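Computed from a predicted model, the values in this text were never measured in an experiment.
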Amino acid sequence: MVDVAVVQTSELGDRSYVVHDGHLAIVVDPQRDLDRLQAVLDERGLRCAMVLETHIHNDYVSGGLQLAHQHDAPYAVNAADEVAFDRHGVADGDELSVGGMRVRVIATPGHTDTHLAFVITGGPGPAAVFTGGCLLYGSVGRTDLVDPARTEELARAQYRSVHHLADLLADDARIFPTHGFGSFCSSGSTSGGEDSTVGQEKTRNDALTAPNEDTFVARLVAGLTAYPAYYAHMGARNRAGAGPVDLSAPQQVSPAELRARISAGEWVVDLRDRTAYAAEHLAGTISIALGQQFATYLGWLIPWGIPLTLIGATPQQITDAQRQLVRIGIDRPDGAATGKLRDLADGAATRGYRRVTFAGLAAAQQAGETLIVLDVRRDDERAHGAVPGSVHIPLHCLLDRLADVPAGPLWVHCASGFRASIAASLLDRAGHDIVHIDDEYTVAVTSGQATG
């Protein structure tokens, strides 16, 4: 049985894998910041002898080509994919060897047309199956990314691919998906977890427990939600082949240059905690607090290609943000500024706005304050309930719909406070009077302020 080391990218909800026999390794679906994978290889004394790509990814820039170059290893990519680099083209039924490990290639269209799964065996014990965006823990990969008009067609292909794997493999075969740990590439309700087998999935997976194909397809299509706008750029970048990353410190920007960039309409993003931002920030900046969802929402909202400058409390915040950004193809910030906000302002005006809970909203309403509640959750969230009388503009639509934002004091909420903090900063930047409701939506439901 082959050993499998998991390299988790929790910020994007994905996993990469290092499969090995104690000497040689096969790396599956590597993320772009390769130092994490190299550390796994070094710690175990392994040599990367092959790189496998299950599909042309939509939610991150692959490090596969660069990793293969670094180790002079074959880079196995579907022969049907139109790519701009040399690769080891593989197709359904092909078999590859690395030391004592054997790789069987299985076509599993659905998440993409050319999606592959890889079954890796070596010695006694169950096979390891790398399913990419096909068979996930509890569900499957979404099927609307290639072409929304083909969603149902690809959902049917996905259903058949999952059943093909389930019929082909033993129940004890271990499943290792790339998506399904928070990635927007997932559909349905993935169960996450650390591991699973074909036998387990037969009892819980959406595609394997649905009574028939039509029912599965109807449920999958009905459950699809909005996905990050930066996905539109990932496929082309991966087909072109990404080069190495540069995580060195970006150019430091003076307070005067910060003001000039803000005045020019560039994106100057403040990485500090949303509490600190609400208390005081440079006028015209945007709050996207550094954390698990930082790159997802920055990539979702930023006009692609606009100059980007980062503000951090420390140089480490800038470094951590850079690592997240290279994974989605934002290779280098155009500058950075760190330190105390007062020093960065250098005498320029700063701004702030109130933060409240849903109890604070109730008190304001009872006191007769004139206010507008703005809900920035997604459509699928809104469908389950809302604050009565609230205005709804999803966060990912906000920049395109600023003209639709009502005049007057805006009390902004989402499901947890994070997305509302981003929306509040964008609206503050646009000149609106903002109150940030930094609270869990479930609080509003349990207190009777909202349905859900």
Original post:
Does atom CZ of Arg401 have more than 12 heavy-atom neighbours, drawn from other residues, nucleotides or ligands, at distances under 6.0 Å?
Top reply: yes

Subject >> Within-4.5 Å side-chain heavy-atom neighbours: Arg36 and Arg323 >> reply: yes

Original post:
Rounded to the nearest 0.5 Å, how far apart are CD of Gln317 and CZ of Phe294?
Top reply: 9.5 Å

**OP:** Return yes if some donor-acceptor pair links the side-chain N/O of His436 with the main-chain N/O of Gly417 below 3.5 Å, else return no.
**Re:** yes

Original post:
Any sub-3.5 Å donor-acceptor pair from Glu381's side-chain atoms to Arg378's backbone N or O?
Top reply: yes

Original post:
Nearest 0.5 Å, what's the CG-CD distance between Leu12 and Gln293?
Top reply: 11.0 Å

Subject >> Polar side chain donor-acceptor pair, Ser447 to Gln449, under 3.5 angstrom >> reply: yes

**OP:** Among Val356, Leu374, Ile372, find the one that has a side chain to side chain contact (heavy atoms under 4.5 Å, CB included) with Trp411.
**Re:** Val356

**OP:** Could you tell me the separation between the CD1 atom of Ile120 and the CD1 atom of Ile26, rounded to the nearest 0.5 Å?
**Re:** 4.0 Å

Original post:
Hey, does the side chain of His432 reach the backbone of Leu426 with a donor-acceptor pair shorter than 3.5 angstrom?
Top reply: no

Original post:
Is there side-chain contact between Leu290 and Gln324, with heavy atoms separated by less than 4.5 Å?
Top reply: yes

**OP:** Classify the ring geometry between His55 and His111 as parallel (under 30°), tilted (30 to 60°) or perpendicular (over 60°).
**Re:** perpendicular

Subject >> Check: Asp428 side chain, Ala424 main-chain N or O, donor-acceptor pair, under 3.5 Å >> reply: no

Subject >> Side chain to side chain, Leu301 and Leu398, heavy atoms closer than 4.5 Å >> reply: no

Original post:
Under a 4.0 Å N-O cut-off, is there an ion pair linking Arg174 with Asp195?
Top reply: no

Original post:
Hey, which of Thr143, Thr151, Asp214 is the one that makes side-chain hydrogen bond (donor to acceptor under 3.5 Å, both in side chains) with Arg156?
Top reply: Asp214

**OP:** Take Glu440 and Phe358, measure what side-chain contact (heavy atoms from CB on, under 4.5 Å) needs, and give me the verdict at the end.
**Re:** CA-CA 8 Å; Glu440 299 285 337; Phe358 276 105; over 6 Å; no

Original post:
Would you say the side chains of Glu11 and Thr296 form a donor-acceptor pair under 3.5 Å?
Top reply: no

**OP:** Could you tell me whether Arg142 sits above the aromatic face of Tyr227, with NZ or CZ closer than 6.0 angstrom to the six-membered ring centre and within 45 degrees of the axis?
**Re:** no

**OP:** State the CD1-CD distance between Ile175 and Glu201, to the nearest 0.5 angstrom.
**Re:** 5.0 Å

Subject >> Arg219 and Asp206 ion-paired at < 4.0 Å >> reply: no

**OP:** Spell out, as yes or no, whether a donor-acceptor pair under 3.5 Å connects the side chain of Arg259 to the backbone of Ala345.
**Re:** yes

Original post:
Judged by atom type as modelled, is there a donor-acceptor pair below 3.5 Å linking the side chain of Glu369 to the main-chain atoms of Leu361?
Top reply: no

Subject >> Single hit among Leu344, Leu310, Ile311 for side chain to side chain contact (heavy atoms under 4.5 Å, CB included) with Asp270 >> reply: Ile311

**OP:** Using modelled atom types only, decide if a donor and an acceptor are shared between the side chain of Asp29 and the backbone of Thr178 within a distance under 3.5 Å.
**Re:** no

**OP:** Please report the C-alpha distance between Asp81 and Thr114 in whole Å, then the side-chain angles of each, then the deciding distance to 0.1 Å, and finally whether the side-chain hydrogen bond (donor to acceptor under 3.5 Å, both in side chains) criterion is met.
**Re:** CA-CA 7 Å; Asp81 283 319; Thr114 56; 2.5 Å; yes

**OP:** Please step through salt bridge (charged side-chain N to carboxylate O under 4.0 Å, His left out) for the pair Asp14 and Arg327, ending with a clear verdict.
**Re:** CA-CA 11 Å; Asp14 293 323; Arg327 295 172 184 158; over 6 Å; no

**OP:** Please report the shortest heavy-atom distance between Ser139 and Asn205, naming the atom on each side.
**Re:** O-ND2, 2.9 Å

Subject >> Atom of Ala173, atom of Val129 and distance for their closest heavy-atom approach >> reply: CB-CG2, 4.0 Å

Subject >> Close side-chain approach of Gln158 and Ser187, heavy atoms under 4.5 Å >> reply: no

Original post:
Is it true that a side-chain atom of Gln200 and a backbone atom of Thr197 form a donor plus acceptor pair closer than 3.5 Å?
Top reply: yes

Original post:
Rounded to the nearest 0.5 Å, how far does CG of Leu135 lie from NE2 of His163?
Top reply: 10.0 Å

Subject >> Residues His179, Ser186; criterion side-chain hydrogen bond (donor to acceptor under 3.5 Å, both in side chains); working and verdict >> reply: CA-CA 6 Å; His179 307 311; Ser186 308; over 6 Å; no

**OP:** Ignoring hydrogens and angles, tell me if any N or O in the side chain of Thr285 forms a donor-acceptor pair with the backbone of Val269 under 3.5 Å.
**Re:** no

**OP:** Could you please spell out the steps behind the side-chain contact (heavy atoms from CB on, under 4.5 Å) verdict for His281 and Arg272?
**Re:** CA-CA 10 Å; His281 57 269; Arg272 296 175 305 138; 4.0 Å; yes

**OP:** Please report the closest heavy-atom contact between Ala364 and Leu371, naming both atoms and the distance.
**Re:** CB-CD2, 3.8 Å

**OP:** Would you sort out whether Val4 and Phe130 count as a side-chain contact (heavy atoms from CB on, under 4.5 Å), showing the intermediate values?
**Re:** CA-CA 11 Å; Val4 181; Phe130 298 87; 4.0 Å; yes

Original post:
Would you say Val77 and Val51 make side-chain contact, with heavy atoms under 4.5 Å?
Top reply: no

Subject >> Residue pair Tyr277 / Ser425, side-chain heavy-atom distance below 4.5 Å >> reply: yes

Original post:
Just checking, any donor-acceptor pair under 3.5 angstrom between side chains of Asp320 and Gln316?
Top reply: yes

Original post:
Quick one: are Ile328 and His233 in side-chain contact, heavy atoms under 4.5 Å?
Top reply: no

Subject >> Taking every non-hydrogen atom, the tightest pair across Gln322 and Pro333 >> reply: CG-CG, 3.9 Å

Original post:
side-chain contact (heavy atoms from CB on, under 4.5 Å) between Val387 and Asp375: does it pass, once the steps are laid out?
Top reply: CA-CA 8 Å; Val387 174; Asp375 179 354; over 6 Å; no

Original post:
Aromatic ring centroids of Phe184 and Tyr231 under 6.0 Å?
Top reply: no

Original post:
Taking NZ, NE, NH1 and NH2 as the nitrogens, is one of them in Asp113 or Arg150 under 4.0 Å from a carboxylate oxygen of the other?
Top reply: yes

Subject >> Test applied, side chain to side chain contact (heavy atoms under 4.5 Å, CB included); reference residue, Leu154; option that passes from Val146, Thr112, Asp144 >> reply: Val146

Original post:
Do Ser183 and Tyr60 have side-chain atoms, one donor and one acceptor, less than 3.5 Å apart?
Top reply: no

**OP:** State, yes or no, whether a side-chain contact exists between Val435 and Pro409 at a heavy-atom distance under 4.5 Å.
**Re:** no

Original post:
Do Ser16 and Gln31 get their side chains close enough for a donor-acceptor pair, meaning under 3.5 Å?
Top reply: no

**OP:** Considering only NZ, NE, NH1 and NH2 on the basic side and carboxylate oxygens on the acidic side, decide whether Glu194 and Arg15 come within less than 4.0 Å.
**Re:** yes

Original post:
Roughly how far, to the nearest 0.5 Å, is CD1 of Ile393 from CZ of Arg382?
Top reply: 10.5 Å

**OP:** For the residue pair Tyr17 and Phe176, categorise the inter-ring angle as parallel (less than 30°), tilted (30 to 60°) or perpendicular (more than 60°).
**Re:** perpendicular

**OP:** Could you tell me whether the side chain of Ser161 and the main chain of Pro109 form a donor-acceptor pair under 3.5 Å?
**Re:** yes

